[in-house]
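Heads up: the structure comes next, in structure tokens.
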Amino acid sequence: MPNRLTLHDTLTRTEREVTPLDGKTLRFYCCGPTVYGPAHIGNFRTFVAQDIMRRVVEAGGTPTLHVRNITDVDDKTIRDSQKAGQSLTDFTRGWTEKFHADCTVLNLLAPHVEPSAVAHIPHQIAMIEKLIANGHAYAGSDGSVYFRVASFKDYGKLSHLEDRELRLGASEAASATDWDEYTKDSLTDFALWKARKPEDGANYWPSPWGEGRPGWHLECSAMILEYLGEDFDLHSGGVDLIFPHHENEIAQSCCSTHGKFAHHWMHVAHLTVDGAKMSKSLGNLYTLEDLAKRGYSAVEVRYVLIYGHYSAPLNFTLHSLDSARQALQKLAKADRALSGISPALQHSTTPGPFAEAWKLLCHDLNVPGALGSIFGTLNKLKPATLSNEEATTMRGGLNFMLNTLGLQLPAIVAEAPTEVPADIQTLAQQRWDAKQAKDWATADTLRKQLESAGWLIKDSKEGFTVVPK
Ligand code: AMP
Ligand code: ZN
């Protein structure tokens with residue numbers, strides 16, 4: 001196919017083609033969920049955008065290697081497992097299963113590798129050892145280990161933050177935690193290893209620096225090295241991860257390997273509610289379950305999440321789910337109209353008449369533009385005038401686009417039957433009679449007359465029905 005995906009790159013602030021470094025497989029990493037409760041639809045906005053990115057790359061003929069981690073140890077998982085009276089393992093297993101179930105109903109492709117932080121403690125310890133040996137990290141007097149930010153000249157490159165802002169951000173982060181700042185050489189330095197505290201309960205591991213657990217940022221660097229190597233194609237997450245999480249990942253990885261780390265950065269803007277980020281801490285979140293209770297299906301949620309460009313904030317309203325329902329019904333009806341002419345669905349690998357929609361998708365994942373173009377093409381559709389061959393190409397193309405967007409069409413909800421006016425019914429009867437008399441010319445003229453009045457005729461062996469166009 002002629003179009004290859006181009007994506008905005010946060011690091012260079014340019015739109016660049018997404019091409020595999022090895023010329024074969026696009027290898028990419030997405031920061032995964034912290035499993036201490038159900039993921040909300042804000043989290044899923046990011047995961048759905050990444051899913052579409054993968055589908056577009058694969059639809060364009062390039063295989064992918066998709067790695068997404070599970071954060072199963074941090075302050076929140078430890079705190080809430082204790083509140084729930086469960087071991088960390090049992091607690092995070094339950095929420096991981098729930099996450100997987102939600103991903104399935106949202107039609108998200110499962111990552112090829114889904115490593116967990118707890119299962120990679122030795123990998124994280126090995127990375128800290130390298131960083132200490134290289135002079136980029138040091139052990140504090142409390143048994144924690146810190147990354148020395150001043151030792152990495154490129155720190156701040158991704159987030160484009162000035163030195164002053166970095167200090168500000170770090171001091172906010174520091175004041176939000178109970179870190180003893182006197183064990184660090186600088187406020188900006190961040191923890192690679194956190195010494196064991198009484199509130200950690202049974203959740204600690206041995207290390208050369210004493211018992212404790214890894215800092216949150218480290219897991220991604222260690223697992224990326226394990227599954228994607230020192231250089232890989234693309235890294236993605238929500239915009240809230242640019243600083244400090246991704247900035248810290250770059251520092252850890254570039255200072256412990258010889259690689260460049262990610263060659264492309266894709267960040268997804270937030271789903272908001274009344275202008276504020278949807279988040280657990282603000283209590284303004286919706287889960288799939290909340291919306292199912294209100295009668296909305298997962299595909300309707302998926303539609304809402306993609307109906308806004310991934311790089312711009314999207315405000316969530318319940319009303320948008322009603323619009324999504326209507327749009328999906330329209331798509332399902334178009335597919336049904338085409339299936340009347342071309343019953344066997346050919347799984348197409350090309351967009352056919354939806355070439356413009358495909359092109360828009362390839363241009364920085366313009367999903368809203370692509371959907372607009374799909375509807376534009378469908379609005380011009382006159383099924384009665386299509387040959388079987390044309391309908392097959394069109395249906396295949398529609399199917400290609402829907403698969404690339406990960407939209408599974410819902411069942412068509414029956415509408416109240418439309419009254420057919422008497423004069424239309426008479427014309428339709430005359431056409432049927434002409435057809436029975438093999439007077440094809442008259443039958444054809446009458447069919448066209450009906451069509452221009454907004455009615456379609458569907459023939460069967462037993463007779464005919466008249467439906468609105
Ligand atoms: P977490 O489980 O908090 O680690 O987040 C998982 C993913 O969801 C990360 O990529 C976050 O950046 C992303 N995320 C969190 N809140 C939102 C939101 N309101 N809108 C879009 N993405 C979000
Ligand atoms: Zn990460």
Side-chain angles (χ1 to χ4, degrees), residues 10 28-53 66-77 80 92 95-96 98-100 102-103 106 108 111 113-117 120 123-124 127 158-159 190 192 214-228 232 234-253 261-262 265-288 301-302 304-306 308-316:
T10 315
F28 71 101
Y29 184 88
C30 302
C31 294
T34 309
V35 281
Y36 70 115
H40 56 72
I41 60 167
N43 301 131
F44 282 119
R45 178 182 198 205
T46 292
F47 297 132
V48 169
Q50 293 160 343
D51 184 66
I52 292 188
M53 186 276 295
H66 178 186
V67 183
R68 186 180 65 209
N69 68 308
I70 295 280
T71 297
D72 53 0
V73 56
D74 77 331
D75 292 339
K76 292 175 283 191
T77 45
D80 289 3
T92 55
W95 287 118
T96 303
K98 172 72 182 140
F99 176 69
H100 286 157
D102 284 352
C103 287
L106 275 172
L108 291 168
V113 189
E114 197 174 39
S116 97
H120 293 78
H123 303 74
Q124 298 178 71
M127 190 168 266
L158 179 73
S159 43
F190 59 89
L192 298 167
W216 169 50
H217 309 296
L218 190 62
E219 64 179 89
C220 293
S221 285
M223 295 192 275
I224 285 170
L225 183 62
E226 180 68 12
Y227 298 104
L228 295 171
F232 63 106
L234 187 140
H235 195 323
S236 177
V239 285
D240 54 310
L241 299 188
I242 299 176
F243 180 84
H245 183 57
H246 287 161
E247 206 69 78
N248 292 354
E249 280 188 30
I250 295 173
Q252 294 159 162
S253 295
F261 200 52
W265 288 88
M266 169 190 176
H267 287 104
V268 182
H270 284 147
L271 187 70
T272 60
V273 182
D274 298 328
K277 176 192 170 194
M278 184 178 285
S279 71
K280 199 164 177 175
S281 53
L282 289 176
N284 60 354
L285 59 83
Y286 286 98
T287 63
L288 285 184
V301 176
R302 183 173 174 113
V304 167
L305 296 180
I306 65 175
H309 194 268
Y310 79 90
S311 65
L314 178 68
N315 198 44
F316 175 74

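We count ligands from 1, going down the list as the structure has it; atoms in each ligand are counted the same way. Small disclaimer: the values here were computed from a predicted structure and weren't measured.
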Report task. State whether the shortest distance between N or O atoms of W216 and N or O atoms of ligand 1 falls below 3.5 angstrom. Result -> no
Query raised in the report: Any idea which atoms of ligand 1 are less than 4.0 Å away from a heavy-atom of G42?
Result: 17 (C), 18 (C), 19 (N), 20 (N), 21 (C), 22 (N), 23 (C)
Query - Nearest-neighbour protein heavy atom for atom 10 (O) of ligand 1, which is reported as residue plus atom name and distance - result: G238 N, 3.0 Å
Report task. Give, for atom CG of L158 and atom CG of L241, the distance between the pair rounded to the nearest 0.5 Å. Result -> 10.5 Å
Requested in this report: Work out whether the distance between some heavy atom of L241 and some atom of ligand 1 is less than 4.0 Å.
Outcome: yes
**Report entry** Polar atom proximity, F47 to ligand 1 (N or O, under 3.5 Å)
**Finding:** no
Query raised in the report: Hey, is D240 touching ligand 1 through its side chain, its backbone, both or neither, going by heavy atoms under 4.0 Å?
Result: side chain
Requested in this report: For this output row, return yes or no: ring centroids of Y286 and F316 closer than 6.0 angstrom.
Outcome: yes
Query - Contact check, side chains of R68 and Y29, non-hydrogen atoms, under 4.5 Å - result: no
Query raised in the report: Does ligand 1 have any atom that is closer than 4.0 Å to a heavy atom of S236?
Result: no
Query raised in the report: If only atom types and distance count, is the side chain of T77 paired as donor or acceptor with the main-chain N or O of Y36 below 3.5 Å?
Result: no
Requested in this report: Compute the minimum heavy-atom distance from V268 to ligand 1 and say whether it is under 4.0 Å.
Outcome: no
Query raised in the report: Is any N or O atom of M278, backbone or side chain, closer than 3.5 Å to an N or O atom of ligand 1?
Result: yes
Query raised in the report: Among protein heavy atoms, which lies nearest atom 15 (C) of ligand 1, and at what distance?
Result: N43 ND2, 3.1 Å
Report task. Measure the NZ-CG distance between K277 and L282 for me, rounded to the nearest 0.5 Å. Result -> 8.0 Å
Requested in this report: Return a yes/no value for P33: is any of its N or O atoms, backbone included, closer than 3.5 angstrom to an N or O of ligand 1?
Outcome: no
Report task. Please note down the angle at the Zn ion (ligand 2) between SG of C220 and OE2 of E249, to the nearest 10°. Result -> 100°
Query raised in the report: Backbone or side chain, does any N or O of T34 fall under 3.5 Å from an N or O of ligand 1?
Result: yes
**Report entry** K98/D102 salt bridge by N-O under 4.0 Å criterion
**Finding:** yes
Report task. Would you please classify the geometry between the F99 ring and the F44 ring as parallel, tilted or perpendicular, with 30° and 60° separating the classes? Result -> parallel
Query raised in the report: Any side-chain donor-acceptor pair under 3.5 Å between H123 and E219?
Result: no
**Report entry** Minimum-distance protein heavy atom relative to atom 18 (C) of ligand 1
**Finding:** H270 CD2, 3.5 Å
Report summary line: Of I41, T46, L282, the one whose closest heavy atom lies nearest atom 13 (C) of ligand 1 is T46
Report task. Just jot down the ligand 1 atoms closer than 4.0 angstrom to any heavy atom of G237, in number order. Result -> 10 (O)
**Report entry** atom 20 (N) of ligand 1 [closest protein heavy-atom partner, distance rounded to 0.1 Å]
**Finding:** L271 N, 2.8 Å
Report summary line: Within 4.0 Å of some non-hydrogen atom of G32, the atoms of ligand 1 are 4 (O), 6 (C)
Query raised in the report: Rounded to the nearest 0.5 Å, how far apart are CZ of F261 and SG of C220?
Result: 7.5 Å
Query raised in the report: Going by atom types only, do E247 and S159 share a side-chain donor-acceptor pair under 3.5 Å?
Result: yes
Report task. Return yes when H40 approaches ligand 1 closer than 4.0 angstrom through a heavy atom, no otherwise. Result -> yes
Report task. Would you mind checking which non-hydrogen protein atom is closest to atom 16 (N) of ligand 1, with the distance to 0.1 Å? Result -> K277 CE, 3.3 Å
**Report entry** H245 NE2 and C31 SG subtending at the Zn ion (ligand 2) (10° steps)
**Finding:** 120°
Query raised in the report: Quick one: OG1 on T34 to CG on D74, what's the gap to the nearest 0.5 Å?
Result: 5.5 Å
Report task. Enter the distance from M278:CE to N284:CG here, rounded to the nearest 0.5 Å. Result -> 6.0 Å
Query raised in the report: Roughly how far, to the nearest 0.5 Å, is CG of L228 from CE of M223?
Result: 11.0 Å
